[in-house]
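The next block holds one structure in the form of structure tokens; read it before the comments.
Reminder, nothing fancy here: chain letters follow the sequence lines and each chain counts from 1.
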There are 2 protein chains.
Amino acid sequence: MKDVKVSEPTVERLVKYHRLLERVTGEGRKVISSKEIGEMLSYKASQVRKDLSYFGEIGKRGVGYHVDRLYRHLGAVLSSPRLWSIGLAGVGRLGEAILGYKGFRSEKFQIKALFDVDPAKIGTKILGTPCYSIDDAPRVLREQNIEVVIISVPSGAAQYVADRVTASGNVKGILNFSPVSLALPDDVLLYSVDISVELEKLLFYLKHRGQ
Amino acid sequence: MKDVKVSEPTVERLVKYHRLLERVTGEGRKVISSKEIGEMLSYKASQVRKDLSYFGEIGKRGVGYHVDRLYRHLGAVLSSPRLWSIGLAGVGRLGEAILGYKGFRSEKFQIKALFDVDPAKIGTKILGTPCYSIDDAPRVLREQNIEVVIISVPSGAAQYVADRVTASGNVKGILNFSPVSLALPDDVLLYSVDISVELEKLLFYLKHRGQ
DNA sequence: GTGTGTGAAGTGGTTCACAGCG
DNA sequence: CGCTGTGAACCACTTCACACAC
């Protein structure tokens, strides 16, 4: 797969096209147009075509996109070179929800180790995954070659946890669910999901919706 | 508060400035500069100044921003006209995590009603909040004047739930945690948080990180 | 001198419009 | 003729650079 530079919004849409195609494949559809994809996901047809064209000419002019071919094509674009091992720090309610989240099952990654501070959890298995002390994270992450960590701890603990986790030198990416900006070594990729900010934005625009 | 049109990224940053200021206020700091704010949140100082200038000249040239004044100013910009009543549909692991999420406490809103399909949950209170059948949603939403609903149901059920919820005619905004695009009446504002898309993006850029 | 406020320039992503191919 | 692929036009957000107030 050649390496085309694509913007973050494009990657996000590619993921959504892939998901949609998975569903459509199951329904036995053979061909789909950019217009139809766009209608199903609320994007402009031209946006869909541009996104899909970044990785080669995959559609047929005058016809549309062959569903199964496009599905496999996107699968290859989004595929991982291998199965990522993932750690999850903070097994509170949110952490446990993430751990058990069905939309999160994938052949791309697997949650291999949990970390917490609660002595009642350390040393046990939760939903089948072993839980370690956060202070053992550097060792465990190295031993199990875990390169991605999800942080779902309370905001006060997030920076401490991020420091422990990056101390291993093994971690290349962090997905942060806590509502704080983390300071990280700059070779570590950070993505954040801030649940309450999204609600705040919704309420802000609701307040000003007349406009 | 006069109505200035601000972009979504700006609103998101305003929320983060407000949060930061809350912390900084507590630490007894009197004055802060755009440069310092930027460093703490990983934004450019010029970005911070532009964002803060949309709602009037609030800083002092040559000095910086008075922390408490700026905090209250942002509070007013982001404030709600009143306390929003919120419903939450889908009290699975994720729904319960949201319900109990501390970062979610606010004087802007309150989760007033839960909805589910599980007969074991309907009619009970969960973490102190009453749970109703999703099919009673139109009535309950109207009776309790609930205008915002959080959807945290499995993807297969999301559209059905969205239809039930908007049937009341009362709902103005939806925060969707399920990984599907919802079709909604176009006077309903939609924000989505897609947990697995964020992880997919992280893994995609990790794979291509050499670039 | 110092740090804000802001027009102007720059950057990046989206949409258009049409050429090109099936 | 229909629908894709794509340069060019457009639009929106970010960054710069400097006048201005303290």
Side-chain angles (χ1 to χ4, degrees), chain A residues 2 4-17 20-21 24 29-71 73-74 77 197 201 204-205 208 211, chain B residues 2 4-17 20-21 24 29-71 73-74 77 197 201 204-205 208 211:
Chain A
K2 63 178 169 303
V4 181
K5 66 143 210 1
V6 280
S7 67
E8 200 189 305
T10 295
V11 175
E12 180 157 339
R13 287 188 299 267
L14 291 174
V15 171
K16 294 188 175 172
Y17 302 146
L20 175 71
L21 274 276
V24 168
R29 215 168 184 321
K30 280 275 174 286
V31 158
I32 194 166
S33 69
S34 58
K35 183 151 170 288
E36 292 169 306
I37 295 175
E39 275 162 8
M40 292 193 246
L41 297 174
S42 311
Y43 303 134
K44 291 251 151 66
S46 57
Q47 180 74 80
V48 175
R49 291 202 302 279
K50 176 134 290 193
D51 289 338
L52 294 180
S53 73
Y54 287 126
F55 295 90
E57 302 201 7
I58 196 71
K60 293 220 186 311
R61 298 179 188 217
V63 181
Y65 299 89
H66 185 278
V67 172
D68 194 54
R69 179 162 139 77
L70 180 56
Y71 175 63
H73 181 75
L74 287 173
V77 168
V197 166
K201 286 196 283 185
F204 180 87
Y205 282 111
H208 296 101
Q211 158 184 188
Chain B
K2 63 179 168 304
V4 181
K5 66 143 211 359
V6 280
S7 67
E8 200 189 304
T10 295
V11 175
E12 180 158 337
R13 287 188 300 268
L14 291 175
V15 172
K16 294 189 176 172
Y17 302 147
L20 175 70
L21 274 275
V24 168
R29 216 168 182 322
K30 281 274 175 288
V31 158
I32 195 166
S33 69
S34 59
K35 184 151 171 288
E36 292 169 306
I37 294 174
E39 276 162 7
M40 292 192 248
L41 297 174
S42 312
Y43 303 135
K44 291 251 152 64
S46 57
Q47 180 73 83
V48 175
R49 291 201 303 278
K50 178 133 291 193
D51 289 338
L52 295 180
S53 73
Y54 286 126
F55 296 91
E57 301 200 8
I58 195 72
K60 292 220 187 312
R61 299 179 187 216
V63 180
Y65 299 90
H66 184 279
V67 172
D68 195 54
R69 180 162 137 78
L70 180 56
Y71 176 63
H73 181 74
L74 286 173
V77 168
V197 166
K201 286 196 284 184
F204 180 87
Y205 282 111
H208 295 102
Q211 154 190 190

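Across all strands shown, B:S7 has heavy atoms under 4.0 Å from sugar-phosphate atoms exclusively, and none from any base. Within the 4.0 angstrom heavy-atom criterion, only backbone atoms of the sugar-phosphate kind lie near A:I58; the bases stay farther away. A:S33 comes within 4.0 angstrom of sugar-phosphate atoms only, judged by non-hydrogen atoms across all strands, and of no base.
Protein atom NZ of B:K60 is 11 Å distant from nucleotide atom C1' of D:dA21, rounded to whole Å. Protein atom OH of A:Y54 is 13 Å distant from nucleotide atom P of D:dG5, rounded to whole Å. One can place CZ of B:R13 at 4 Å from P of D:dT14, the figure rounded to the nearest angstrom. Remark: C1' of D:dC13 and CD of B:E12 are 14 Å apart, rounded to the nearest angstrom. With rounding to whole Å, A:K44 atom NZ is found 12 Å from D:dC11 atom C1'. A straight line from CG of B:L52 to C1' of D:dT15 spans 16 Å, rounded to a whole angstrom. Look at CZ on A:F55: it is 16 Å from C1' on D:dT6, rounded to the nearest Å. In this structure, B:E57 places its CD atom 13 Å from P of D:dC20, rounding to the nearest Å.
Mapping B:K35 and A:G62 onto DNA chain C by nearest heavy atom places B:K35 at the nucleotide closer to the 5' end. The 5' end of DNA chain C is approached more closely, in terms of each residue's nearest nucleotide, by A:E8 than by the other of A:E8 and A:S46.
Here the OG1-NZ distance, from A:T10 to A:K50, works out to 9.5 Å after rounding to the nearest 0.5 Å. Summarising the geometry, atom CD belonging to B:E36 is positioned 4.0 Å from atom CZ belonging to B:R29; distances are rounded to the nearest 0.5 Å. Atom CG of residue B:L14 and atom OH of residue B:Y54 lie 9.5 Å apart, to the nearest 0.5 angstrom.
Checking side-chain atoms of B:H73 against main-chain N and O of B:L52 turns up no donor-acceptor pair under 3.5 Å. In terms of modelled atom types and a separation under 3.5 Å, the side chain of A:Y17 and the main chain of A:I37 share no donor-acceptor contact.
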### Message
Is there a side-chain contact (heavy atoms from CB on, under 4.5 Å) between A:K60 and A:V31? Walk through the geometry before answering.
### Response
CA-CA 10 Å; A:K60 293 220 186 311; A:V31 158; over 6 Å; no
Go through the steps for B:V6 and B:F55 under the test side-chain contact (heavy atoms from CB on, under 4.5 Å), then give the verdict.
CA-CA 10 Å; B:V6 280; B:F55 296 91; 4.0 Å; yes
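Protein chain B touches strand DNA chain C; the 5'-most and 3'-most nucleotides with an atom under 4.0 angstrom of its non-hydrogen atoms are C:dT2 to C:dA8.
Candidate nucleotides D:dC20, D:dG5, D:dA17 were compared by shortest atom distance to the side chain of A:R49, and D:dG5 ranks first.
Look at B:Y65 and you won't find any side-chain N or O under 4.0 angstrom from OP1 or OP2 of D:dC22.
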